[in-house]
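Let me begin by presenting the structure, written as structure tokens, before commenting on it.
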Amino acid sequence: MIKAIRGTKDILPSEISRWHYLENIIKQIFSNFNYKEIRTPVFEETTLFGRSIGEETDIVSKEMYTFKDKGDTSITLKPEMTAGVVRAFIEHSLGGQQPLIKLYYISPMFRQERPQAGRLRQFHQFGGEALGSSSPVLDAELIQISYDILKSLGLKDLTVKINSLGVPESREDYKKLLREFLLNKKDKLSEDSRKRFDTNILRIFDSKIESDQELLKGAPLLIDNLDGESENHFEVVKEYLDKISIPFEIDPKLVRGLDYYTKTTFEIISKKVGSQSALVGGGRYDLLAEQLGGKPTPAVGFASGMERILLACESENSFSVKDDNIDVYIVRIDEELEMFVSETASKLRRSGLKADYDYLKRSVKAQMREANKSNAKFVLFIGGEEYKNKMANLKNMETGEQRSVQLDKLDTVLINSLKR
RNA sequence: GUGGGCGUAGCUCAGUUGGUUAGAGCGUCUGGUUGUGGCCCAGAAGGUCAUGGGUUCAAAUCCCAUCGUUCACCCCA
């Protein structure tokens, strides 16, 4: 048997209504904030990701689906969306058409990692990006959008964490401080953290190993060593979050794994999804557009994992969607009326009604069971004496009430009955 | 890439210290008297016990390998 590739999942008809529900909320809230949807290709030139996310990051160095196409170009399935959005922004000079552009997306992403709860190789993210303004209000706005979406889904157990990474210059100064602080403790660090000491020292804060955290006690914090501008920016973000009633925690250890972040970073976590607890991650990336060859364009954005969100919703039992139902199921009483039943269904469908019937020549009883399973509001019986007089029996499945209707007035009768 | 758990019907799972024909619930199908659902009742279909090898008179059960899956680490959404 051929099975779906490891780390990929079929979304079956039985679960699709939960996805539609989620997608509708996402579209609704982004639209309230006047964000426009953007769709970029699922694959891009490989170099785009190295240059934006960072060559040394885990995503680029070991998780990308990269292959050569027939023209010998190196292609990569997108592991995240920001790079593609910024590429499109530059390519189509979107910044030249309007000074600030607010975009959102819903799209599959691909990363070749070992699958686990809340982590797939093909997974789905939605996210928002605001390009063209350095206003801290936008940082807060994106936090608000993601938070409001999660809240609209009924999620309760959420924590918003924010931090500021400052600008590269102040960050470099700080790294020196941290390096000095840790220098004589280096040999006591875990193996991973010793590696981080050289590659990305900030990430040592992420370590889950207790002895590492012990060694970090009393370490200088990035947040206490910000440059003046970043500090002011962070103050406004916090102030505005307070004004719009978003509860948050400052987490000086929140260091995100993508190279392009500057100033604000944030995360929303839920304890209800296993160990992959981040539902949302994002931050400001003021230098990325320029780095990719565009004009300097301050920007901020976030991404959010839809599978993780649905896991959280499931474990909190935060919303339920009602079963699909149809308006009318047509039961064929006499076998020779098969064609007429199809014809009648087809007319009703063209009148905008949800109609179905049996294609398997099943018994009347079986047809009724089927009607019941598809939650039909009405059942129409076609056959016998009534049919000769161009009449049919219409049964209300909820009340059990049944009446005779003229076949040529069927659609109006049904439409009126359904209004009630 | 590293480590642990688990692979029995479409799904969720039983299966005793190895012992005849591998079970249940749900789901599916057919019936329960002429042309009417849910509830109930009767019956049926559906299994290379993941795959391959080994131990044994005898393996779903014990051992090994492979594959799959799952959870965790790293990292991330």
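Naming convention: chains lettered A, B, ... in sequence-line order (proteins, then strands); numbering from 1 in each chain.
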* Go through the side-chain N and O atoms of A/S346 and A/R349 and say whether any donor and acceptor fall under 3.5 Å apart. => no

* How is A/D334 classified with respect to the nucleic acid when contacts are heavy atoms under 4.0 Å: base, sugar-phosphate, or nothing? -> nothing

* Would you kindly give the NZ-to-P distance between A/K373 and B/G38, to the nearest whole Å? => 10 Å

* For B/U12 and B/G7, measure between their C1' atoms and round to the nearest Å. => 14 Å

* To do: Both distances under 3.5 Å, Watson-Crick or G-U wobble: report the partner of B/G19, or none.
  => B/C57

* May I ask you to say what A/A366 touches in the nucleic acid, namely base, sugar-phosphate or nothing, with a heavy-atom cut-off under 4.0 Å? => sugar-phosphate

* Separation between the C1' atoms of B/A59 and B/G19, rounded to whole Å -> 10 Å

* Asked: So what does A/L279 touch, heavy atoms closer than 4.0 Å: a base, only the sugar-phosphate, or nothing?
  -> sugar-phosphate

* Structure fact -> Taken to the nearest whole Å, CG/A/L12 to P/B/G10 is 15 Å

* Structure fact -> Note: for A/V364 and A/S304 on RNA chain B, the residue whose nearest nucleotide lies more 5' is A/V364

* How is A/R119 classified with respect to the nucleic acid when contacts are heavy atoms under 4.0 Å: base, sugar-phosphate, or nothing? -> base

* **Selected nucleotide, minimal atom distance to A/Q276 side chain, candidates B/C73, B/G38, B/U70** => B/C73

* To do: Establish, with yes or no, whether the OP1 or OP2 oxygen of B/C29 is under 4.0 angstrom from a side-chain nitrogen or oxygen of A/K365.
  => no

* To do: Quickly work out the A/E113 CD to B/C74 P distance and round it to whole Å.
  => 12 Å

* To do: Would you kindly give the CD-to-P distance between A/E370 and B/G38, to the nearest whole Å?
  => 13 Å

* Any salt bridge between A/E141 and A/K102, counting N to O under 4.0 Å? -> yes

* Should the ring pair A/F43 and A/F67 be called parallel, tilted or perpendicular, given that the plane angle runs from 0 to 90° and is split at 30 and 60? -> perpendicular

* Report which part of the nucleic acid A/L258 touches: base, sugar-phosphate, or nothing (heavy-atom distance under 4.0 Å, all strands). => sugar-phosphate

* **Inter-nucleotide P distance (B/A45, B/U2), Å rounded** => 47 Å

* **Base-pairing mate for B/C75 - Watson-Crick or G-U, with both contacts under 3.5 Å** => none

* **Interatomic distance where CD1 belongs to A/I2 and C1' belongs to B/C67 [whole Å]** => 16 Å

* **Rounded interatomic separation in angstrom, taking CG from A/D358 and P from B/G35** => 15 Å

* To do: Could you work out the separation of B/G31 and B/U20 based on their P atoms and round it to a whole Å?
  => 37 Å

* Asked: Under 3.5 Å, is there a donor-acceptor pair linking the side chains of A/T82 and A/E129?
  -> yes

* Using a heavy-atom cut-off of under 4.0 Å over every strand shown, decide if A/E398 touches base, sugar-phosphate, or nothing. => nothing

* Asked: Is A/V379 touching bases, backbone alone, or none of the nucleic acid, heavy atoms closer than 4.0 Å?
  -> nothing

* Using Watson-Crick or G-U wobble geometry with both distances below 3.5 Å, tell me the partner of B/G38, or none. => none

* To do: Go ahead and name the base partner of B/U69; Watson-Crick or wobble counts if both distances stay under 3.5 Å, otherwise write none.
  => B/G5

* Structure fact -> The Watson-Crick or G-U wobble partner of B/G52, with both key distances under 3.5 Å, is B/C64

* Asked: Is there a Watson-Crick or G-U wobble partner for B/A44 with both distances under 3.5 Å, and which nucleotide is it?
  -> B/U28

* Taking only heavy atoms on the protein side, list every residue of residues 37-62 of chain A lying under 4.0 Å from any atom of RNA chain B, sorted numerically. => A/D58, A/K62

* Taking the side chain of A/S363 as heavy atoms from C-beta outward, which of B/G31, B/G37, B/G35 is closest to it? -> B/G31

* Asked: Base, sugar-phosphate alone, or nothing: which one does A/E335 contact when heavy atoms must sit under 4.0 Å apart?
  -> nothing

* Asked: With a non-hydrogen cut-off below 4.0 angstrom, is A/G384 in contact with a base, only sugar-phosphate, or nothing?
  -> base

* Asked: Contact class for A/E267 (heavy atom, under 4.0 Å): base, sugar-phosphate, or nothing?
  -> nothing

* Asked: Under 6.0 Å from the six-membered ring centre of A/F319 and within 45° of its axis: does the NZ or CZ of A/R18 meet both?
  -> yes

* Electrostatic pair A/K347-A/D411, nearest N-O below 4.0 angstrom -> no

* Taking all heavy atoms of A/S342 and all of A/Y357, pick out the closest pair and write down the distance. => OG-OH, 3.0 Å

* To do: Check if the side chain of A/R369 and the base of B/G32 share a donor-acceptor pair of N or O atoms closer than 3.5 Å.
  => yes

* Asked: For A/G127, which contact category applies under a 4.0 Å heavy-atom criterion: base, sugar-phosphate, or nothing?
  -> nothing

* Is there a side-chain polar atom (N or O) of A/S275 under 4.0 Å from OP1 or OP2 of B/C71? -> no

* **Distance, C1' atom - from B/A60 to B/G15, rounded to whole angstrom** => 8 Å

* **Sidechain N-carboxylate O distance under 4.0 Å for A/E214, A/K217** => yes

* Asked: Mind checking the C1' distance from B/G47 to B/A22? Whole angstroms is fine.
  -> 9 Å

* Consider the side chain of A/R114, meaning its heavy atoms from C-beta on, and name the nucleotide among B/U30, B/C75, B/A72 that approaches it most closely. => B/A72

* Taking the C1' atom of each, how far is B/G46 from B/G5, in whole Å? -> 29 Å

* Base, sugar-phosphate, or nothing: which does A/L120 touch, judged by heavy atoms less than 4.0 Å apart? -> base

* To do: Provide, to the nearest angstrom, the distance between the CD atom belonging to A/Q367 and the P atom belonging to B/U30.
  => 10 Å

* Compare the minimum distances between each of B/U30, B/A72, B/G68 and the side chain of A/R6, then state the nucleotide with the smallest one. => B/G68

* Check whether any side-chain heavy atom of A/I162 lies under 4.5 Å from a side-chain heavy atom of A/I250, and answer yes or no. => yes

* **Which nucleotide in B/G37, B/G68, B/C73 has an atom nearest any side-chain atom of A/M368** => B/G37

* Asked: Between atom CG in A/L202 and atom C1' in B/C75, what is the gap in whole Å?
  -> 16 Å

* A/Q116 side-chain N/O to B/A72 phosphate OP1/OP2 under 4.0 Å -> yes

* To do: Report yes if at least one side-chain N or O of A/R111 is closer than 4.0 Å to OP1 or OP2 of B/C75; otherwise report no.
  => no

* Between A/D327 and A/K377, does at least one N-O distance fall below 4.0 Å, as a salt bridge requires? -> yes

* Expressed as a whole number of Å, how far does the P atom of B/C73 sit from that of B/G52? -> 36 Å

* Base, sugar-phosphate alone, or nothing: which one does A/A371 contact when heavy atoms must sit under 4.0 Å apart? -> nothing

* To do: Would you mind telling me which of A/K78, A/R39, A/Q125 makes a side-chain hydrogen bond (donor to acceptor under 3.5 Å, both in side chains) with A/S107?
  => A/K78

* To do: To the nearest 0.5 Å, tell me how far A/F126 CZ sits from A/I145 CD1.
  => 10.0 Å

* Nearest-nucleotide 5' precedence on RNA chain B, A/T399 against A/A278 -> A/T399

